[in-house]
2 protein chains.
Amino acid sequence: MAVTVDIVLLTIRDDSLAALLIRRGGEPFKGCYALPGGFVQPDETLAAAAARELEEETGARGMHLEQLGTYGDPGRDPRMRVVSVAYLALIPNPPEVTGGSDAESAEWSPVATFLDSTLPDAPSLLAFDHRQILRDGVERARGKLEYSGLATAFCGSEFTVGELRRVYEIVWGVDLDARNFHRKVTGTLGFLEPTGEMTTRGGGRPAQLFRRGATQTLNPPILRPSPTVF
Amino acid sequence: MAVTVDIVLLTIRDDSLAALLIRRGGEPFKGCYALPGGFVQPDETLAAAAARELEEETGARGMHLEQLGTYGDPGRDPRMRVVSVAYLALIPNPPEVTGGSDAESAEWSPVATFLDSTLPDAPSLLAFDHRQILRDGVERARGKLEYSGLATAFCGSEFTVGELRRVYEIVWGVDLDARNFHRKVTGTLGFLEPTGEMTTRGGGRPAQLFRRGATQTLNPPILRPSPTVF
DNA sequence: CCAAAAGTGTTATCGATACACCCATGT
DNA sequence: ACATGGGTGTATCGATAACACTTTTGG
């Protein structure tokens, strides 16, 4: 029985939540998109396999990486029985992924393109059961923003409160009150650590720069106004 | 590479949170306890494998079953590379599991016996990495009580508000205010469905009997007073 | 000056908590 | 009568939501 890892790598690009997808050059699902991934080697942990595949595909290391779930229905891959452990990864500034090595090329695509519920459920765009995995990954990210510091994984090492708020707004697809959001995140002790620096990037009045704080659990949570649809 | 399922089967027994564990009759970890589990067959889904193992061990079917996580470090099983998909299962009235078939015998044991943080981390009691899996399963159950109807999976099909509260108190290891709890769960529309029946089991004034309602998500959640330790 | 984003203040309202209190049964 | 658990009422407190308002930059 083959064991693979598949990775839902998310980022914020052009004011959209985007995922890294591979255009398949061969059968099955030739021409479809698929999640990056590959076989687990005999002597590496599952997380190490995911990190290795990520680095091969993007060149980036050290981003947020967590296990998402395992997908092993017989027949999910027509060639053989494959049990795939899915990982969720988040990266701040999406590296350009031009072309890729062989016939397979990697691209950033807005997740809405693939998850919009008006689309048919059949794998017309995404290979295997990767639509479900992508959906689960996006839902995990959306949920964890509420009670954890996960959103900072979409920001660089230093960021403003406004930039952090944009992450919430884009991932949840809602508008948040900037004033209340500011009070909430700066008021949660240990959540954000001020650098002392200011920045004017983004225009308007200069904003303080922050780093991730030690408290990576948000209590009470930030509740999303209305659960996002797809 | 071998793929197995391991099951954290929890129940409430003698006012304690208890797990079903197998006493190992052979090497490795002979004499240790281990989670029930086994190999995934070529033509069954992962969940079906877990359900099958559960039925073989307890005779029970149809209980709550959800995927917990996948554990696949090289060396976690000294005999070979084994990737194990762990499932969390909950059952209301623990069936007696006398002896078992062969040298391996199943028992219900309070989880505190194995998770108490004063114990050493080495697998002196639990085989493989099963202590970590058990800990993750208990933590998942504790967390999900807050915002889901998971607690009802510990109750029979009909239960009183008091019985449901006992589940929370035992799983979380805290005391809850009976009056506020009552208001909370009966006030969440669609969470509990009154049967119209009353019962006097448990003594005191007769209590209404309820069934699980359609709403299996609790918003706003019931927050546990202070996170349980181990 | 104006637009845009950063922050602060204030108030209404909702939900949780901590109780006091009454109800209906078994012994 | 009294113990036991079921259930309602109510005041207080903390967090959120809505929004008025000031601050500081760039164009």
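We name chains A, B, ... by the order of the sequence lines, and we start the count at 1 in each one.
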Below the 4.0 Å mark, does C/dA16 have OP1 or OP2 next to a side-chain nitrogen or oxygen of B/Lys184?
yes

Checking C/dA18, D/dA18, D/dT24 against the side chain of A/Arg183 (C-beta onward), the nearest is D/dA18

Determine whether the aromatic ring centres of A/Phe210 and A/Phe159 lie less than 6.0 Å apart.
no

Here's a test of your reading of the structure: between A/Pro206 and A/Asp177, which maps to the more 5' nucleotide of DNA chain D?
A/Asp177

Check for a donor-acceptor pair, side chain of B/Asp14 on one end and backbone N or O of B/Ser16 on the other, with a separation under 3.5 Å.
no

Touch check for A/Arg201, heavy atoms < 4.0 angstrom, all strands: base, sugar-phosphate only, or nothing?
nothing

B/Arg166 near the nucleic acid: base, sugar-phosphate alone, or nothing, with a heavy-atom cut-off under 4.0 Å?
nothing

Between A/Asn180 and A/Gly204, just flag the one whose closest nucleotide in DNA chain C comes earlier from the 5' side.
A/Gly204

What is the separation between atom NE2 on A/His182 and atom P on D/dT22, rounded to the nearest whole Å?
18 Å

Any idea which heavy atoms bring A/Pro94 and A/Arg13 closest together, and the distance?
CG-CG, 3.4 Å

Using a 3.5 Å distance criterion without hydrogens, assess whether the side chain of A/Glu146 forms a donor-acceptor pair with backbone atoms of A/Arg224.
yes

What is the distance, rounded to the nearest whole Å, between atom CG of A/Leu209 and atom C1' of C/dG7?
15 Å

So which one's nearest nucleotide on DNA chain C is more toward 5', A/Gly203 or A/Thr186?
A/Gly203

B/Arg165 CZ to D/dG7 C1': how many Å, rounded?
12 Å

Just wondering, do B/Val185 and B/Phe191 contact through their side chains at under 4.5 Å, heavy atoms?
yes

Where the side chain of B/Glu57 meets the backbone of B/Leu54, is there a donor-acceptor pair that is under 3.5 Å apart?
no

So which heavy atom on B/Trp108 is nearest to which on B/Ile91, and how close?
CH2-CG2, 4.0 Å

Starting the side chain at C-beta, find the nucleotide from C/dA6, C/dA16, C/dG7 nearest to A/Gln208.
C/dG7

Separation of B/Asp175 atom CG from D/dG5 atom P, in whole Å?
13 Å

Ignoring hydrogens and angles, answer whether the base of C/dA5 and the side-chain atoms of A/Arg205 contain a donor-acceptor pair closer than 3.5 Å.
no

Starting at atom CG of A/Asn219, determine the distance to atom C1' of D/dG14, rounded to an integer number of angstrom.
13 Å

Between its two end axes (five pairs each) the helix from C/dC1-D/dG27 to C/dT27-D/dA1 turns, nearest 10 degrees, through 0°

Donor-acceptor pair, A/Thr199 side chain versus A/Arg201 backbone, under 3.5 Å?
yes

By nearest atom, which of the nucleotides D/dT16, C/dC21, D/dG6 is closest to the B/Arg179 side chain?
C/dC21

Quick check for you: among D/dA20, C/dT25, C/dG15, whose closest atom lies nearest to any side-chain atom of B/Pro220?
C/dG15

From CG of A/Leu164 over to P of C/dA6, roughly how many Å is that when rounded to an integer?
11 Å

Rounded to whole Å, the CG-P distance (B/Leu176 to C/dT17) equals 9 Å

Which whole-number value in Å describes the distance from B/Phe159 CZ to D/dG6 P?
14 Å

